[in-house]
Amino acid sequence: MVSVRELGAAVALTALLLGAGVAWGHAFLERADPRVGSTVKAAPSQVRVWFTEALEPAFSTLEVVNQSGDRVDRGPARVDAASPVLLQVSLKPLAPGTYRVKWRVLSVDTHVTEGDFTFRVSEGR
Amino acid sequence: MASPYLAAALAAALALCAWPALASAHGLAGKRFFPSTLTIEDPFVADELSLPTFLHLKQPGEGDVPSSQFTNISGEFSKRIFPNLGLTLEGEWNLLDPADNRRTESGFGNLEVSLKYQFFTSAVHEAILSVAFGWEAGGTGRRKAGAESFDVFKPAILFGKGMGDLPEALRWLRPFAVTGVVEGVLPTRSGNKTFVINDNGDLEVEIEKNPNVLHWGFAVMYSLPYLQSFVKDIGLPAVINRLIPLVEIDINNPLDRGFAGKTTGTVNPGIIWAGKYFQLGLEAVVPINERTGKNVGIRGQIHFFLDDLFPTTIGRPLFKW
């Protein structure tokens with residue numbers, strides 16, 4: 001039978017392990033605008049990506065390329081001052097086609113994560 | 001006066017110089033996050049804690065043999081010595097009801113120590129290869145609770161491969177990944193002699209053979225976080241978008257000492273929920289044959305990512321190379 005003392009110790013250990021005060025995580029992609037893998041009718045003027053952790057601005061990059069591999073963003077990307085989980089970059093006018101968003105970010109605890117996704121601008125307006 | 005950005009950049013640069021290895025922690029290969037599997041060993045080296053892993057199996061009675069149940073609670077602590085070299089300590093507690101002596105027995109199993117070296121990582125192909133060597137220290141657990149009195153050595157090769165490099169036409173398959181292990185289980189004693197008094201009062205010697213075993217297994221998983229982040233955001237709600245359904249296959253092929261061909265194993269379908277700092281896993285344990293068992297068991301695990309929980313202390317390698 002588990003005693004109250006043992007139960008208390010287990011709860012305390014769990015609280016310690018989960019304590020937000022000492023913990024940061026890897027920055028994984030939370031959501032994006034345009035959405036990952038989506039097709040949009042109107043060409044977006046910027047790409048915004050929200051991560052699960054705050055980012056180090058100096059070591060976080062975001063690029064957008066077309067199907068030929070040419071950059072179509074007006075970089076460099078910037079981390080939003082009010083929301084350090086948001087990385088965004090402005091875009092040049094986009095023609096219909098498929099575009100790839102590539103990111104590599106450093107979270108505040110020095111974990112690096114990277115990734116990419118595509119979105120498509122459709123012909124119809 | 002320096003701007004906050006400059007200060008942050010300097011701090012980050014200093015941190016990178018001090019702990020460059022943190023970038024590859026946590027079961028990551030490129031875009032791929034490999035969760036810690038419940039049944040088979042992980043291919044990656046990381047700072048992590050599995051506590052507890054819970055396993056419960058029941059066996060129906062047959063003839064004179066009564067029904068029985070087996071409960072195992074284990075913990076595993078993995079620590080990176082160098083960025084790609086880690087040490088794992090594992091302990092367990094067993095409850096056998098009844099044990100071989102027809103009584104209910106409980107106690108600790110043998111302690112196990114293993115060293116793992118992740119010698120290959122490909123970000124582009126989401127691939128990991130590693131080798132490991134485990135040592136189960138005989139006699140450190142309670143004999144009546146199933147702990148052997150001899151050492152067992154376990155050399156192993158492990159792999160992980162994500163399918164993120166599949167062509168665009170197959171993009172819906174990119175969230176798939178597979179991890180696996182091929183391991184030798186090599187007891188240092190070929191057999192155990194047990195002296196018993198039979199019903200006639202005579203002394204009998206029973207010899208229990210300890211075969212060498214080829215242990216292998218693999219896990220096939222489909223990562224919904226990968227689907228959402230890299231393939232297509234299909235609008236999954238908050239809890240669902242962190243689920244990773246998987247099936248683990250775990251097989252033991254005894255090779256000699258009268259046990260050759262007597263394969264045992266389990267198929268373990270289940271699901272993992274991966275959060276920021278820990279993951280939760282639950283699996284059914286389905287025997288592949290009657291030799292393994294007849295009933296479906298259950299396995300559960302809480303697993304902590306120490307590199308995320310304690311990035312500046314116990315969650316980083318002891319040495320940077």
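Residue numbering restarts at 1 for every chain, and letters A, B, ... go by the order of the sequence lines.
To the nearest 0.5 Å, atom CZ of residue R171(B) and atom CZ of residue F117(A) are 14.5 Å apart. Distance CZ/R35(A) to CD1/I234(B): 9.5 Å, rounded to 0.5 Å.
Within residues 219-231 of chain B, the residues having any heavy atom closer than 4.5 Å to a heavy atom of chain A are Q228(B), S229(B), F230(B), V231(B), listed by residue number.
When atom types are taken as modelled, the side chain of D308(B) and the backbone of H26(A) share a donor-acceptor pair closer than 3.5 angstrom.
In plain terms, the two heavy atoms of E114(A) and A123(B) that are nearest each other are OE2-CB, 4.0 Å.
Looking at I302(B), neither its backbone nor its side chain comes within 4.5 Å of chain A, counting heavy atoms on both sides. R242(B) touches chain A through its side chain: at least one heavy atom from C-beta onward sits under 4.5 Å away, while N, CA, C and O do not. Residue F119(A): no heavy atom, backbone or side chain, is found under 4.5 Å from chain B.
Under the 4.5 Å side-chain criterion, counting only non-hydrogen atoms from C-beta, D307(B) is in contact with H111(A).
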For residues 94-101 of chain A, tabulate all N or O donor-acceptor pairs below 3.5 Å that involve a side-chain atom, not counting sequence neighbours.
from	atom 1	to	atom 2	distance (Å)
Y99(A)	OH	A95(A)	N	3.2
Y99(A)	OH	A95(A)	O	2.5
R100(A)	NH1	D116(A)	OD1	2.4

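Qualifying ring-ring contact (aromatic ring centres under 6.0 Å, His included) partners for F34(B), counting only residues two or more places apart in sequence or in other chains: none. Here F108(B) pairs with W93(B) under the side-chain contact (heavy atoms from CB on, under 4.5 Å) rule; sequence neighbours left out.
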